[in-house]
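Following: one structure in structure tokens, then a few remarks.
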There are 2 protein chains.
Amino acid sequence: MSLAHAVLTSLLEKPSSGYELARRFDRSIGYFWRATHQQIYRELARMEASGWLASSVPADAGRTRKREYCVLAAGRRELAQWAAQPAALPDLRDEFMVKLRADAVLAEVDLRPELQRHLALHREKLAQYQAIEARDFPTGRTLSRHAQIQHMILKKGILYEQGSLAWTQDMLELLARLAPPGTEREHQ
Amino acid sequence: MSLAHAVLTSLLEKPSSGYELARRFDRSIGYFWRATHQQIYRELARMEASGWLASSVPADAGRTRKREYCVLAAGRRELAQWAAQPAALPDLRDEFMVKLRADAVLAEVDLRPELQRHLALHREKLAQYQAIEARDFPTGRTLSRHAQIQHMILKKGILYEQGSLAWTQDMLELLARLAPPGTEREHQ
DNA sequence: TGCTCCATGTAACACGTTACATGATTGC
DNA sequence: GCAATCATGTAACGTGTTACATGGAGCA
């Protein structure tokens, strides 16, 4: 149950509304744990029922339904307890690898356009990550413990994108060698 | 719905029983798409109902309930159609990154033993992948189109493990600097 | 007035996980 | 005879996805 704990972490950094959380998930934590707003609202309700969170109507709520969540001591204990448990290595569920394998047996789909698209997406993501790195973790300055750890998390993302980029280029070259332009053989 | 298509691919390579499929998933395709036997049986039943597969009692069934599945033309069409659709980039759902981030705010858990454990696991996986590489994709020999694509899929796994290994070592070094032995501060 | 964004939710469904159950075959 | 492995399944539950619904606030 990682989502709950990701939310706890995010709320410890800054008490927020569900909506704000959902948007923050699209950045920081979202690189490694994505969640829709529906998931987050469901989780917040559960966690409040478990006594991990308290909610209040914030000053800027006006007449809206906005609620702000704050981590209670029990939530903090739960998070520490969970963080100390061993974690399984993540499995790489990559849909495209399944498609590649399908193409390996079928030999009737041209996956090069898709690889080109992925190349662009990886480049974009990498540029985004590196922009965040330059902005939040400047070289030469001494960073806090918190910042140094966050930096390493970002670096993991950067490393993955760099690897994916290189691999995608190699894969494109291989497909170009296997089916050079003009040798198209749709439907075998 | 990738599982169904992963199963189709695997069955095209070799008609099999659900049990055999489940075990093959722990190797080849399993690097990028893991599935339990329950998932596979459920999927096989659905796919047979959809007319994508035909099942028969194999010669070596004896008195057992063993059934062998074979892809029908409709299944093959479905797979080709699906493979041609654009695929979203996978999201890296890495539970340990959430734990790291939790530790960044809490500063009361020592994640070094867990990192050491991950280090060993990554090394083990990498060694496994490289053993498969040496066995199935010998250098110097000309490989078939099918084999070359399969090799690239394996290489993606190898690349990921190498990156993870390097990152885990860096992370360990950082934590050693932040909390050198003897400076333990459990519960802040 | 109508558009976009903020903000929260319900409902249904797809997918994945865990626990449990059953029975045949193989090898000691 | 017993254990391990082969082989298939049911049931319950947890998590993730998609579609839809509601209403306030700010702005042109």
Side-chain angles (χ1 to χ4, degrees), chain A residues 1-8 11 15-26 29-30 32-50 53 55-69 82 87-95 98, chain B residues 1-8 10-11 15-26 29-30 32-50 53 55-69 82 85 87-95 98:
Chain A
M1 215 214 271
S2 291
L3 177 56
H5 300 92
V7 169
L8 281 173
L11 285 178
S16 318
S17 68
Y19 188 83
E20 280 163 10
L21 271 173
R23 285 198 321 161
R24 263 197 291 151
F25 258 71
D26 287 345
I29 280 190
F32 293 101
W33 210 273
R34 197 161 285 285
T36 62
H37 76 272
Q38 290 84 347
Q39 269 177 284
I40 287 171
Y41 286 125
R42 180 158 66 184
E43 218 49 61
L44 284 171
R46 277 183 207 166
M47 292 165 81
E48 193 175 8
S50 304
L53 303 178
S55 74
S56 57
V57 176
D60 65 336
R63 237 172 291 171
T64 68
R65 286 198 284 175
K66 187 174 183 178
R67 303 193 62 74
E68 194 163 81
Y69 291 87
W82 173 82
L89 294 190
D91 39 330
L92 277 330
R93 342 194 98 229
D94 192 336
E95 188 180 315
V98 181
Chain B
M1 215 214 272
S2 291
L3 177 57
H5 300 92
V7 168
L8 281 173
S10 207
L11 284 179
S16 319
S17 68
Y19 188 84
E20 280 164 10
L21 271 173
R23 285 198 322 162
R24 262 196 291 150
F25 259 71
D26 287 345
I29 281 189
F32 293 102
W33 210 275
R34 197 159 285 285
T36 61
H37 75 273
Q38 291 84 347
Q39 268 178 284
I40 288 171
Y41 286 126
R42 180 157 67 185
E43 217 49 61
L44 285 171
R46 278 183 206 164
M47 293 165 84
E48 193 175 9
S50 304
L53 302 179
S55 73
S56 57
V57 176
D60 64 336
R63 238 171 291 169
T64 67
R65 287 198 282 176
K66 187 174 181 177
R67 302 192 63 72
E68 195 163 81
Y69 291 88
W82 172 82
Q85 300 299 122
L89 294 190
D91 39 330
L92 278 330
R93 342 193 98 232
D94 191 337
E95 189 182 314
V98 181

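As the structure is a prediction and not an experimental result, all values here were calculated from the model. Naming convention: chains lettered A, B, ... in sequence-line order (proteins, then strands); numbering from 1 in each chain.
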Original post:
Does some side-chain heavy atom of Glu68(B) sit less than 4.5 Å from a side-chain heavy atom of Val57(B)?
Top reply: no
Subject >> Approximate separation, where rounding is to 0.5 Å, of Tyr69(A) OH and Leu8(A) CG >> reply: 13.0 Å
Original post:
Taking 5' to 3' order, which nucleotide of DNA chain C is first and which is last to have an atom within less than 4.0 Å of a heavy atom in chain B?
Top reply: dC15(C) to dT25(C)
**OP:** Return yes if some donor-acceptor pair links the side-chain N/O of Gln39(A) with the main-chain N/O of Thr36(A) below 3.5 Å, else return no.
**Re:** yes
Subject >> From Ser56(B) atom OG to Lys66(B) atom NZ, the distance as rounded to the nearest 0.5 Å >> reply: 10.5 Å
Subject >> Sequence-distant partners of Ser50(B), side-chain contact (heavy atoms from CB on, under 4.5 Å), two or more places apart >> reply: Trp52(B)
Original post:
Residues two or more places apart in sequence or in another chain: which of them pass side-chain contact (heavy atoms from CB on, under 4.5 Å) with Arg34(A)?
Top reply: Asp26(A), Asp91(B), Arg93(B)
**OP:** Would you jot down, in residue-number order, the residues of residues 37-48 of chain B having a non-hydrogen atom under 4.0 Å from DNA chain D?
**Re:** His37(B), Gln38(B), Tyr41(B)
Original post:
If you measure from CG on Leu11(B) to CG on Leu21(B), what distance do you get to the nearest 0.5 Å?
Top reply: 4.5 Å
**OP:** Take Trp33(A) and Lys66(B), find for each the nucleotide of DNA chain D with the closest heavy atom, and name the residue whose nucleotide sits nearer the 5' end.
**Re:** Lys66(B)
Subject >> Side-chain N,O (Arg23(B)) to OP1/OP2 (dC6(D)) below 4.0 Å >> reply: yes
**OP:** Produce a footprint string for nucleotides 22-28 of chain D: one letter per nucleotide, 5' end first; B if the base is under 4.0 Å from any protein heavy atom, S if only the sugar-phosphate is, - if neither.
**Re:** B-SS---
Original post:
With a 4.5 Å limit on heavy-atom distance, are the side chains of Trp82(B) and Glu95(A) in contact?
Top reply: yes
Original post:
So, is Arg93(B) near the phosphate of dG16(D), with a side-chain N or O under 4.0 Å from OP1 or OP2?
Top reply: yes
Subject >> Separation of His5(B) NE2 from Gln85(B) CD (nearest 0.5 Å) >> reply: 9.5 Å
Original post:
Can you name the residues that form a side-chain contact (heavy atoms from CB on, under 4.5 Å) with Glu43(B), not counting sequence neighbours?
Top reply: Met1(B), Leu3(B), Ala4(B), Arg46(B), Met47(B)
Original post:
Think Tyr19(B) has a side-chain N or O under 4.0 angstrom from the OP1 or OP2 of dT8(D)?
Top reply: no
